[in-house]
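Since the structure comes first, as structure tokens, the remarks are kept for the end.
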Amino acid sequence: VNQEKGLLKLRMDNKEIEGDPLPYHSGGIQTAQKFNFKYGKVEFRAKLPIGGGTWPALWMLGQNYQTNPWPACGEIDVMEHKGNQPNTIHSTLHFPGNSGGNGATATTTASNVGGEFHTYRVIWSPNSIKFSIDDQPAFHTVANNPGTPFNLDFFLIMNVAMGGTFGGTIAPGFSQSSMEVDYVRVYQ
């Protein structure tokens, strides 16, 4: 993770690190214990990494995850992307009965997500959670009610991962890529 020319860069690569058996390394940043909030509009303006197996995510997790473990604490995935499915954006809610591959999810497409910046947005209220990209109408809306964990404080997470059940097969010869974040804004 580094800052370059006003952009936060979360990089993943396959460089060897002495004593670390993992073949790939990636970066992330989160605001737990620093910035928690409930409800509002959240915008991430980012350019996504490219390459098979890349898995960038801009998301939020219930701040009570240590005492109320996932999925009970709730998870709001504002944006997830699979490098093996270029330009397909996933937005998902995870909570009891809707976790893992059974999350409340929807997808949409955006052009050239690895070459251009896009704004990934969620509008979160006591009544609904709405996901959109750039200035487009919401492509995914989920009702919020007192029975969901989406009525407590959450914190922000930005990370990139490689492979796994969501990221899929890593492209042969992959060496490095990065997610560039121009800004994160929270409006309340």
Side-chain angles (χ1 to χ4, degrees), residues 10 12 26-32 36-46 48-49 51-110 113-114 118-134 136-170 179 181 184 186:
L10 305 170
M12 64 276 230
S26 60
I29 190 168
Q30 49 83 16
T31 67
N36 301 319
F37 66 100
K38 180 173 72 172
Y39 309 137
K41 177 170 70 171
V42 180
E43 295 181 340
F44 296 90
R45 186 171 185 268
L48 306 183
T54 59
W55 175 7
L58 303 167
W59 54 297
M60 300 156 48
L61 188 66
Q63 61 83 27
N64 64 347
Y65 71 98
Q66 292 178 325
T67 57
N68 197 21
W70 189 90
C73 63
E75 177 179 327
I76 301 172
D77 295 327
V78 180
M79 182 289 307
E80 288 185 288
H81 180 258
K82 299 179 184 185
N84 289 314
Q85 295 178 348
N87 301 318
T88 299
I89 303 301
H90 300 253
S91 293
T92 307
L93 296 177
H94 296 283
F95 55 104
N98 295 273
S99 60
N102 192 35
T105 191
T107 63
T108 191
T109 58
V113 299
H118 291 276
T119 303
Y120 303 94
R121 179 180 300 112
V122 64
I123 298 176
W124 169 35
S125 76
N127 301 314
S128 66
I129 302 170
K130 299 178 180 185
F131 301 89
S132 62
I133 298 176
D134 297 325
Q136 300 298 312
F139 69 90
H140 184 34
T141 300
V142 179
N144 193 12
N145 62 62
T148 71
F150 305 112
N151 296 292
L152 299 170
D153 283 356
F154 275 62
F155 63 93
L156 303 167
I157 305 171
M158 298 178 283
N159 70 288
V160 291
M162 290 297 296
T165 55
F166 190 83
T169 303
I170 298 170
M179 175 167 62
V181 180
V184 179
V186 177

State, with a plain yes or no, whether a side-chain heavy atom of Ile89 is found less than 4.5 Å away from one of Thr109. no
Could you report the tightest heavy-atom contact between Leu58 and Ala46, atom names first, then the distance? CD1-CB, 4.2 Å
Okay, side chain of Ser99, backbone of Pro96: is any donor-acceptor separation there less than 3.5 Å? no
Which is it for Val113 and Tyr120 under the side-chain contact (heavy atoms from CB on, under 4.5 Å) test, yes or no, and what are the steps along the way? CA-CA 11 Å; Val113 299; Tyr120 303 94; 3.7 Å; yes
To the nearest 0.5 Å, how far apart are NE2 in His90 and CD in Glu80? 7.5 Å
Taking C-beta and beyond as the side chain, do Leu156 and Phe44 meet within less than 4.5 Å on heavy atoms? yes
If only atom types and distance count, is the side chain of Asn127 paired as donor or acceptor with the main-chain N or O of Asn144 below 3.5 Å? no
Donor-acceptor check, side chain of Ser26 to backbone of Val160, threshold 3.5 angstrom: yes or no? yes
Considering only heavy atoms from C-beta outward, does the side chain of Cys73 approach that of Pro149 to under 4.5 Å? no
Can you check side-chain contact (heavy atoms from CB on, under 4.5 Å) on Ile157 and Leu61, steps first, answer last? CA-CA 8 Å; Ile157 305 171; Leu61 188 66; 4.0 Å; yes
Shortest non-hydrogen separation from Asn84 to Gly52 and the atoms involved: OD1-CA, 3.0 Å
Compare every heavy atom of Gly103 with every heavy atom of His94, then report the nearest pair and how far apart it is. ND1-CA, 3.9 Å
Inter-residue atom distance Ser125.OG - Asn151.CG, 0.5 Å rounding: 9.0 Å
Strictly distance-based, threshold 3.5 Å: is any side-chain N or O of Arg45 a donor or acceptor partner for the main-chain N or O of Val184? no
Met79 and Leu48: which non-hydrogen atoms are nearest, and at how many Å? CE-CD2, 3.6 Å
Angle between ring planes, Phe95 versus Phe150, binned at 30° and 60°: parallel, tilted or perpendicular? perpendicular
From Met12 CE over to Met162 CE, what is the distance, rounded to the nearest 0.5 angstrom? 5.5 Å
What distance do Trp59 atom CH2 and Glu75 atom CD have between them, rounded to the nearest 0.5 Å? 4.5 Å
Within-4.5 Å side-chain heavy-atom neighbours: Val122 and Ile76: yes
Nearest 0.5 Å, please: how far is CD in Gln63 from CG in Leu152? 7.0 Å
Please test Met158 against Val181 for side-chain contact (heavy atoms from CB on, under 4.5 Å), starting from the C-alpha separation and ending with a verdict. CA-CA 9 Å; Met158 298 178 283; Val181 180; 3.9 Å; yes
Beyond-backbone contact of Phe131 with Thr141, side-chain heavy atoms, under 4.5 angstrom: no
Output yes when a side-chain donor or acceptor of Asn145 lies under 3.5 Å from a complementary backbone atom of Gly147, and no otherwise. yes
Worked check of side-chain contact (heavy atoms from CB on, under 4.5 Å) between Met60 and Val42: CA-CA 10 Å; Met60 300 156 48; Val42 180; 4.2 Å; yes
Side chain proximity check, Asp77 to Leu93, heavy atoms < 4.5 angstrom: no
In this structure, is the centre-to-centre distance between the rings of His81 and Trp55 below 6.0 Å? no
How about Tyr39 and Phe154: are their ring centroids closer than 6.0 Å? no
Side-chain donor/acceptor of His140 to backbone N/O of Ala104, under 3.5 Å: yes
To the nearest 0.5 Å, how far apart are CD1 in Ile129 and OG1 in Thr92? 11.5 Å
